[in-house]
Amino acid sequence: MFSRYPGYQMWLGPFSHPDRAKAITPAIEDTNSGDAVFAPDGKSIYYSTKIYGSSGTTYRIHEYKIKTKKSRTFKLNPFQDFGLSDVSPNGRLLAFNRGTDEDASKIWFVDTKTGKSRPFKPKAALGANFSPDGKSITFVSNRSGKFHLWQMGLDGGGQQQLTDGGGEWGPVSSPVGNFVVYLSAD
């Protein structure tokens, strides 16, 4: 799955022949699709759209069912919710960001079954990545004045700072959870 210009539609095709991909989202003027994440069972794709309109930029988070080719949109705050980050290993939670800028953004979860959303505990956090067992997330926070990687249990316990260089971004856990890869400005 990938997004391609012009139109920034989402495309899905076989890994061995990406030239056979088909658009799974419509080409809509002033709309970019991205932040795609496959559901763990491979039956759905979750993605975001960024819409540039006369009243400002809005965001939506969607689910695309591969078998039925149907989409649904989660009812979230289109003016504050952005940046779909990850889907939990059991497919039940989507992590996304809510806030008006990166420094004040917070991590929120939406339940993929009920569509209800709730905040995650730490303030000023974004870019969540679920651990392989689904019991914790790694995320980015600038609570110390620089962006560092942190890890915390979904229950709010076990919080620990993982890096101290500053400028870290985009954590992704390895499939068994023994490594984390991330970007760094250092």
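Just the heavy atoms: all of them, side chains too, but no hydrogens, waters or symmetry mates, feed the values below.
Under the 4.5 Å side-chain criterion, counting only non-hydrogen atoms from C-beta, Leu84 is in contact with Tyr46. For the pair Thr138/Trp150, no side-chain contact is recorded, criterion being any heavy-atom separation below 4.5 Å from C-beta on. A 4.5 Å side-chain heavy-atom check between Leu93 and Thr112 finds every atom pair outside the cut-off. Proximity of Ser136 to Ser131: side-chain heavy atoms (C-beta onward) are separated by under 4.5 Å at one or more points. For the pair Ile45 and Ile66, the minimum side-chain heavy-atom distance is below 4.5 Å. Proximity of Val110 to Leu76: side-chain heavy atoms (C-beta onward) are separated by under 4.5 Å at one or more points. Residues Arg92 and Lys113 are in side-chain contact: their nearest non-hydrogen atoms beyond the backbone lie under 4.5 Å apart. In this structure the side chain of Pro119 never reaches within 4.5 angstrom of the side chain of Ile107, judged on heavy atoms.
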inquiry  = ring-ring contact (aromatic ring centres under 6.0 Å, His included), that's the test. Do Trp169 and Tyr182 meet it? Break it down for me.
reply    = CA-CA 6 Å; Trp169 195 261; Tyr182 59 93; over 10 Å; no
For Asn129 and Ser85: C-alpha separation, side-chain torsions, deciding distance, then whether side chain to side chain contact (heavy atoms under 4.5 Å, CB included) applies. CA-CA 7 Å; Asn129 178 252; Ser85 297; over 6 Å; no
- Item | Stepwise side chain to side chain donor-acceptor pair (under 3.5 Å) test for Ser71 and His62 | CA-CA 7 Å; Ser71 292; His62 313 274; over 6 Å; no
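With sequence neighbours left out, Asp35 forms a salt bridge (charged side-chain N to carboxylate O under 4.0 Å, His left out) with no residue at all.
To the nearest 0.5 angstrom, Glu168 atom CD is 9.0 Å from Lys146 atom NZ. One finds the CZ atom of Arg98 at 6.5 Å from the CD atom of Gln80 (value rounded to the nearest 0.5 Å). Annotation: the span from Ser117 atom OG to Asn77 atom CG amounts to 9.0 Å, rounded to 0.5 Å. Lys75 NZ to Lys116 NZ: the interatomic distance, rounded to the nearest 0.5 Å, is 13.0 Å. Note that CG of Asp81 is 12.0 Å distant from NZ of Lys106, once rounded to the nearest 0.5 Å. Rounding to the nearest 0.5 Å places OG of Ser48 at 10.0 Å from CZ of Phe96.
Judged by distance alone, with hydrogens and angles left aside, the side-chain atoms of Asp111 form a donor-acceptor pair with the main-chain N or O of Thr114 at under 3.5 Å. Of the possible donor and acceptor atoms, one in the side chain of Gln9 sits under 3.5 Å from a partner among the backbone N and O of Thr25. Not a single donor-acceptor pair under 3.5 Å links the side chain of Thr163 to the backbone N or O of His148. Judged purely by atom type and a 3.5 angstrom limit, Asn32 has no side-chain atom pairing as donor or acceptor with the backbone of Lys50. In this structure, Gln159 contributes its side chain and Gly157 its backbone to no donor-acceptor pair below 3.5 Å. Ser174 places a side-chain N or O within 3.5 Å of a backbone atom of Asn178 that can act as its donor or acceptor partner.
With hydrophobic clusters built from ILVMFWY side chains whose heavy atoms lie under 4.5 angstrom apart, Leu126 does not share a cluster with Ile137. When hydrophobic clusters are built by joining Ile, Leu, Val, Met, Phe, Trp and Tyr residues whose side-chain heavy atoms come closer than 4.5 Å, directly or via intermediates, Met152 is not grouped with Leu162. Linking Ile, Leu, Val, Met, Phe, Trp and Tyr residues whenever their side-chain heavy atoms come within less than 4.5 Å places Phe147 and Leu183 in a single cluster. No single ILVMFWY cluster, assembled from side-chain heavy atoms under 4.5 Å apart, contains both Ile51 and Phe74.
Within a 6.0 Å radius of CD in Glu29, other residues, nucleotides and ligands contribute 12 heavy atoms or fewer.
For an aromatic pair to be called close, the ring centres must be under 6.0 Å apart, and Phe130 with Phe109 satisfies this. Phe120 and Trp108 have their aromatic ring centers separated by at least 6.0 angstrom. Two rings, from Tyr47 and Tyr64, have their centers 6.0 Å or more apart.
In this structure, Ala125 and Phe139 approach most closely via the heavy-atom pair CB-CD1, 3.5 Å. The two residues Met10 and Gly34 come nearest to each other via the heavy atoms SD-N, 3.7 Å.
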